[in-house]
J.: 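Provided herewith is a single structure, encoded as structure tokens, for subsequent inquiry.
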Amino acid sequence: MKKLIAIALVLVLALSVLACVPAQQASESETTVPATEQAEEKKTVYITLLCMNNMPTKEGAQQVQDELNRYLAEDAGKNYQVQIRDFLDLSSHMSGIDLALASGEELGVVLTDFRTGTMAANGQLLPLDPYLDNELAGAKALVGEDWLEAGTFNGEVYGLPVYKGVVCRTYLVCRKDIVDEVGFDVSAIKTIADCEPLFTAVKAAHPEMDCIVPNDVGSLGILLTQYGQSGYRFDFLGNNTYGTDSTGALIGDSKTVVNFYGSDEFAAVCKLAYDWNQKDLMMKEASVSPDTATELFPAGTAFSTIAINATSEETVAQMFGNGAYGTSGEFVAIPLDTQMLTASTLGLQYGIASTCTCPNEAADLMNLIWTDPYVMNLIVYGVEGTDYVVDADGVADWPEGQNVDTVPYTEINLCGAIGNQFNLKLFKGNSSEADLVLMESLIEDAVASSAMGFSFDASNVNTEIAAVQTVIDQYFLPLVNGEVNPDEYLPQFVTALENAGINKIIAEKQAQLDAYWAN
Amino acid sequence: MRKKRSARRFKNKLPLLLMMIPGLAYFIINNYFPMFGTVLAFKKFNYGKGILGSEWNGLDNFKYLFQTNDAQIMLRNTILYNIAFIVLGTVLSIIVAIAMHEIGKRFIARIFQPVIVMPHLLSWVVVAYIVYAFFNARNGFVNGVLLNGANVSWYSEPKHWPYIITAVYLWKFVGFNSIIYMSSMAGINEELFEAARIDGAGKIKQIFCITLPNIRPTVVILLLMSISKIFNSDFGLFYQIPMQSGLIYSTTQTIDTYVYHALMDLGNVGMSAAASLFQSTVGFVLVIGANWLVRRIDPENTLF
């Protein structure tokens, strides 16, 4: 699929070359057409939104955009208007932005999809530095210099991190009725290893049940229970926090970049998983199974799953009970670990696309989303009255007779993926005052990695990264899900990685990191 | 005089030429324009600088295709699977086509035809789940019923997959491909069969002496076309059917799935252009070669 898209890219690019008009100019002339009928010429800032709920209806989206423009003109006194260019779902978001940029279409504010560095190196983003002390001053003060470093690439800031409960906890979420049945005191459980007696008891009482099932397709999540502050303290140095694309990581307080998959810590995770697989405590063939907790809890074949969330154990248990994850019943959530504050945890960033013709206004819009509660609530919850209602205590809820799937516009699942999560109204069954306090304290108390502001420029080692990624895809899941014996497969994995050139990437990373620390 | 005749000839062919325009436009826009994009395979593409402005980087974009030991494996898989598909697919399609042709216009043919074409209409994702229902270790049909509760872990043992993938491919495509052969058989003059029957030729003799020689041009053309794609693989088949299980890559990884895995995160336009260019160049060389071979043996049936 990716290749098809790439081929399509080539096609589009070729066409734009043949048209003999520089794509940039072509799109400039288009943008002078105003989005809504306005007497005066106003600049239009485009924004592309990720959509993790149902796609908003056309009318719903139009209403939100109109209200946003009314607010900008009448209340905020801004001399530009906003057009929501696109709602893209998770699977097409990255390629949608790449395609639009490759064909020279004008974009404005875009989510960088955890790849600010790559996009900056590809020339897809504009540096934010000129606006940081002007239009973006409010947002800069909010997230702070330290966080901005995570969006810095070659000395220039390209990405503004989303201000939210970035530091998540890992929970073991299990069925309360079964816990009560086997009569186990879960408060004694502090780490994943403590769970074994519980799992053994559950398996004895319910042989038909798998003690751990995947919460995300393909991964049981054993690694996620041991990688944070109270575990091995991995810093994936900008790679994702699931460990599925690590090309060199820091472990503990060490300053040496190492091959994560070759570390004793990773081996220990695999050994525990393999041991439990052999004892039949975990779901078999989880790597290939399309089933997740959402299907397996209702089917009665699951006892627990591992979930990552920034909210408290009560809220997580509630979310599993109230249908937010497609499951119901009573659950207990046991916190097992807390994430480190690393460049990877701050990877959710927004930037300004290189085809933007009014970067000042785009920066100003970003600043509003990060600092103005009205704009933030409007984008995430929609228009009050139509898309949500607020009760006497100021808590938001769905309008009478409506729900998340039926309102014309809601981006409620985007609550932690844009702007400032702390500016959002509380939403019934989704967030509580206590959660916000917890999130803030998690950020405050977080163990920050010494390389938090480091971002890796991979352009010299693209060949090796491509080759290494195929090796990781081959071995990672079966090992981390305990389906194969680590004594046999782990050495094979490491050898294959070395043949693919991982050591070259690590050396490059180390050199860049040393240079980063030296500054 | 001569000028007049050629003018008339042109006039006669004018409608045909006009009819060609849409098709030609399609090919120029969709198949020839994009060829300029192949220049990307040799460039370090920068969105800001555009295609022509980006820097050249020689053959760097091709390196990752040959970087690992996997390279030989995926090349081997791609070619061997395609050879198996071409040989088995062609033979089985022809057998099915002959059988369907023999049934003729009987009522039952109207049931068979949709049934054998049906698999072709299913998307790979659906097929992948059907295969998963057969082979998964927890409650799969094969382990549970056919093997009476055996504990074979199909999705982690590479040795089974050449058979499974080939079987799935044939199940999906044989019926559809046989239609082309059937239509070619429909064009055979019935009198030939009648004469053969009068001369006492049996069914087998008729098939070998009349049916097969008559559909030979179709077979050769289809063969040549599939040879040109021998370095390409059906992405859905190799990506969806094995459920992306890493342990069986040694028998399921092909060039297309390798490129997908390699570039999923990087989104590198130059490197994916390089992979496509490589596939098409080899395909081009092979089809020219195969055509040359056909011309040596049987000049009437060459593609060009």
Side-chain angles (χ1 to χ4, degrees), chain A residues 1-7 9-18 22-24 94-95 98 101-102 104 115 118-119 121-124 218 245 283-285 287-290 354-355 458-459 462-478 483-484 489 496 499-501, chain B residues 29-30 33-40 44-52 54 60-61 63-65 67-71 74 129 132 136-138 153 155-156 235 239 242-247 249-250 253 256-273 275-276:
Chain A
M1 207 43 216
K2 193 77 203 168
K3 218 193 82 202
L4 282 179
I5 292 164
I7 292 169
L9 271 175
V10 172
L11 191 154
V12 172
L13 283 166
L15 283 178
S16 60
V17 166
L18 275 165
Q24 192 92 9
M94 196 153 94
S95 51
D98 282 350
L101 288 177
R115 41 174 203 146
T118 311
M119 286 183 75
N122 283 344
Q124 291 169 296
D245 63 352
M283 190 170 111
K284 305 253 176 189
E285 276 194 3
S287 305
V288 292
S289 171
S354 55
T355 53
S459 46
N462 265 347
T463 302
E464 286 74 18
I465 289 183
V468 161
Q469 188 59 49
T470 63
V471 177
I472 299 174
D473 286 349
Q474 189 169 355
Y475 289 95
F476 178 75
L477 280 181
E483 287 151 22
V484 292
Y489 280 86
N499 289 338
Chain B
I29 293 171
N30 274 336
F33 277 9
M35 281 190 196
F36 290 95
T38 49
V39 71
L40 277 173
K44 186 180 173 184
F45 181 61
N46 183 310
Y47 287 81
K49 294 180 189 162
I51 296 184
L52 299 178
S54 296
D60 278 2
N61 286 337
K63 276 189 193 152
Y64 79 106
L65 286 172
Q67 180 86 6
T68 54
N69 301 342
D70 287 0
M74 76 187 184
Y129 279 78
Y132 183 72
N136 80 69
R138 285 183 305 145
S153 182
Y155 284 91
S156 45
F235 184 77
Y239 184 72
M243 302 300 257
Q244 300 122 56
S245 173
L247 291 174
Y249 273 8
S250 58
Q253 183 93 288
D256 297 78
T257 57
Y258 179 84
V259 170
Y260 178 84
H261 286 289
L263 303 184
M264 179 66 181
D265 284 342
L266 282 176
N268 188 317
V269 180
M271 281 154 93
S272 39
S276 299

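Each chain gets a letter, A, B and so on, in the order the sequences are listed, and its residues count up from 1. What you see below is based on every heavy atom in this structure, not just the backbone, and it leaves out hydrogens, waters and symmetry mates.
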J.: Side chain, backbone, both or neither: which part of A/Ala458 has a heavy atom under 4.5 Å from chain B?
T.: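 Contact with chain B is absent: no heavy atom of A/Ala458 under 4.5 Å.
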J.: Between B/Tyr258, B/Tyr64, B/Tyr249, which residue shows the highest count of heavy-atom pairs closer than 4.5 Å to chain A?
T.: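 Winner by heavy-atom pair count: B/Tyr249.
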J.: Tell me if a side-chain donor or acceptor on B/Asn136 pairs with a main-chain N or O of B/Arg138 at a distance below 3.5 Å.
T.: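 Present.
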J.: In terms of heavy-atom proximity below 4.5 Å to chain A, should B/Lys49 be classed as side chain, backbone, both, or neither?
T.: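 Contact with chain A: none, neither part.
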J.: Where on B/Tyr239 is there a heavy atom nearer than 4.5 Å to chain A: the side chain, the backbone, both, or neither?
T.: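 Answer is neither: B/Tyr239 stays 4.5 Å or more from chain A.
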J.: Would you mind checking which part of B/Tyr132 comes under 4.5 Å of any heavy atom in chain A, side chain (CB onward), backbone (N, CA, C, O), both or neither?
T.: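 For B/Tyr132, side-chain heavy atoms alone lie under 4.5 Å from chain A.
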J.: Hey, is NZ on A/Lys284 packed in by over 12 heavy atoms from elsewhere, all under 6.0 Å?
T.: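 Atom NZ in A/Lys284 is packed in, count exceeds 12.
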J.: Go through the atoms of A/Met119 and report whether side chain, backbone, both or neither lie under 4.5 Å from a heavy atom of chain B.
T.: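 No part of it gets close to chain B.
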J.: List in chain and number order the residues that pass ring-ring contact (aromatic ring centres under 6.0 Å, His included) with A/Tyr475, two or more places apart in sequence or in another chain; answer none if no residue qualifies.
T.: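 Result, ring-ring contact (aromatic ring centres under 6.0 Å, His included) vs A/Tyr475: A/Phe493.
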J.: Can any side-chain N or O of A/Glu285 pair as donor or acceptor with the backbone N or O of B/Ala137 at less than 3.5 Å?
T.: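 Present.
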J.: Heavy-atom distance under 4.5 Å to chain A: side chain of B/Asp60, backbone, both or neither?
T.: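 The answer is the backbone of B/Asp60.
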J.: Do you know which of B/Ser153, B/Pro242, B/Ser156 has the most heavy-atom pairs under 4.5 Å to chain A?
T.: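 The residue among B/Ser153, B/Pro242, B/Ser156 with the greatest pair count is B/Ser153.
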